[in-house]
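Report on the following structure.
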Protein chains: 2
Amino acid sequence: MESTPLQVRTVTEAAYRQIRDLILTGHFAPGQWVRERELTELLGVSRTPIREALRLLEQEQMVVAESRKGFRIPVPTESEIRAFYELRAELEGFAAAKAAHRATPEQVGEIRWVLAEADEALAREEWPQVIQWNNQFHQAVAQASGNAVLAQTLAKLQTQVNLFRVLSWTGHRERPSTTHRQHREIFNAIEARQEGTARARAEDHIWDSLPLALSGLSSVHHQ
Amino acid sequence: MESTPLQVRTVTEAAYRQIRDLILTGHFAPGQWVRERELTELLGVSRTPIREALRLLEQEQMVVAESRKGFRIPVPTESEIRAFYELRAELEGFAAAKAAHRATPEQVGEIRWVLAEADEALAREEWPQVIQWNNQFHQAVAQASGNAVLAQTLAKLQTQVNLFRVLSWTGHRERPSTTHRQHREIFNAIEARQEGTARARAEDHIWDSLPLALSGLSSVHHQ
DNA sequence: ATACTCCATATTGTATACATTATGCCAACC
DNA sequence: GGTTGGCATAATGTATACAATATGGAGTAT
């Protein structure tokens, strides 16, 4: 499950993670400028690694660069979010179908394990972990599709979803169990090698999560 | 049709384009290191904009960064290219289907116009222009899908395709007309609002171009 | 009051110097 | 002979100084 290299090797990488976390924890609000000087004071490093980190974050569109004005947190519009989820539904469906077609036994086991972990976290009501394992589920399925380019594309889309999610924690507490049930349905179809069913369940799952993302929008536009 | 801002506003942008062209024209071969010092001498600017430009190019995966070693041109493997085309087939198919569903009359006209231009360029045997207009065709269809996120994703995949293409100009001269015929079939389906047909034709079109990309591989691995 | 110009200030863009790490060669040793 | 260690060199990583540009407000003319 190695996700974080054990020791940070460059200041740029460290800055990248810290800035990303600052964004994900809502320290920077959508639409707000991310000033280089502010970050140098906050992180205690020079502008160079800050700028590089921001370029890295630009790759995941967690910030957008505007020439000679700086970087800012993007403000998603409703139509953008819809476009986003439409694409994601198609790709998650595709990944699930391919996983049903050619996942190795090990990969199927991996998904099952992730699902079990999510189950436990859910029972313990450890929500940060629940989110973590749910993300992991999508990654595992993408991996099992046997298409690394697809997996990477989905990973990038997923980080953006997390950005939306920051905006929309308006206490939907019945969602987690629904999500978990849908994940299990997708897994069952993959395990049973039912490509069509896997695709349909995965697509539906994404579409179901769209309203939650949209619900966070109004709070943003009113600031 | 505005694609290039009329005047370059920053050195970084200028460097970005020049380096990209150097890669696309084969000045840097796959697997080769792209040294910052070499580029500063070649372009006559300092390292800072060079590094920023390389980060930009990294976003399109025209170069890959290796920590404390620098940037290099990636060497695609056969399975990567296959994964790449599999994803692209799915997305181009999806885009064509959506375009058939909701392209505006203006967008349909735009595609028709691009196709006509490609036709003329083909008749004149102006191959660089043919390639240009063919790329334009895919962009126009993606635009007509009504999903900007999808269009952008496809645009990035397309730049990578162009990278493969650099490797594989082994004189396939019957391809252009085949390509053009397939493009017209896709357009006809879109114009007739036949979603399923549009998707199928677009998918087939991508799959047809896979062998050409693979044919360029052997020449790379033998160097 | 409104719009417009000009200027001070803040911010990003670029160059460059210095620090740190990787690379390759050569010699010494087993 | 092959391997290892260290050193010179070259490359990237980071900090900082300076340049160019954008921003906002004061003041003035209409």
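Note that this is a predicted model, so its numbers are computed, not measured. A, B, ... follow the sequence lines: proteins, then strands. Residue 1 opens every chain.
Toward the 5′ end of DNA chain D lies the nearest nucleotide of A/Thr48, the other residue of the pair A/Thr48 and A/Trp33 mapping further downstream. Along DNA chain D, the nucleotide nearest A/Arg68 and the nucleotide nearest B/Ser67 are compared for position; the residue whose nucleotide lies closer to the 5' end is B/Ser67.
In this structure, B/Glu38 atom CD and D/dA11 atom P are separated by 9 Å, rounded to whole Å. At whole-Å resolution of the value, CZ in A/Arg72 and P in C/dT11 are 15 Å apart. Rounded to an integer number of Å, the gap from A/Glu13 CD to C/dT20 C1' is 15 Å. With rounding to whole Å, A/Arg9 atom CZ is found 11 Å from D/dG13 atom P. Rounding to whole angstrom units, CZ of residue A/Phe71 and C1' of C/dT12 are separated by 9 Å. To the nearest angstrom, C1' of C/dT11 lies 8 Å from CD of A/Glu36. Taking atom CD on A/Glu66 and atom P on D/dA22, their separation rounds to 12 Å, with Å as the unit. Across the protein-nucleic acid pair, A/Leu39 atom CG and D/dT14 atom P stand 15 Å apart, rounded to whole Å.
B/His205 contributes atom NE2, which lies 3.0 Å from atom NE2 of B/His183 (distance to the nearest 0.5 angstrom).
When side chains are defined from C-beta on, A/Arg88 counts as touching A/Val161, because their heavy atoms get closer than 4.5 Å.
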task: Apply the test salt bridge (charged side-chain N to carboxylate O under 4.0 Å, His left out) to residues A/Arg47 and A/Glu38: give CA-CA distance (whole Å), side-chain angles for both, the deciding distance (0.1 Å), then the verdict.
output: CA-CA 10 Å; A/Arg47 282 176 58 210; A/Glu38 182 181 353; over 6 Å; no
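In the set D/dT14, C/dT11, C/dG13, C/dT11 carries the atom at the smallest distance from any side-chain atom of A/Arg35.
Between A/Glu60 and A/Lys156, no side-chain nitrogen of the basic residue sits less than 4.0 Å from a carboxylate oxygen of the acidic one, so the salt-bridge criterion is not met. For A/Glu58 and A/Arg55, the salt-bridge test passes: some basic side-chain N is under 4.0 Å from an acidic carboxylate O.
Within the structure, every side-chain polar atom (N or O) of B/Arg47 is placed at least 4.0 Å from both OP1 and OP2 of C/dG13. The phosphate of C/dA10 (OP1 or OP2) has no side-chain N or O of A/Arg37 nearer than 4.0 angstrom. At C/dT14, one or more side-chain N or O atoms of B/Thr12 fall inside 4.0 Å of OP1 or OP2 (strictly under the cut-off). For the OP1/OP2 pair of D/dA11 and a distance below 4.0 Å, the side-chain nitrogens and oxygens of B/Lys69 include no atom meeting the criterion. For C/dG13, one of the phosphate oxygens OP1 or OP2 lies less than 4.0 angstrom from a side-chain nitrogen or oxygen of A/Arg51.
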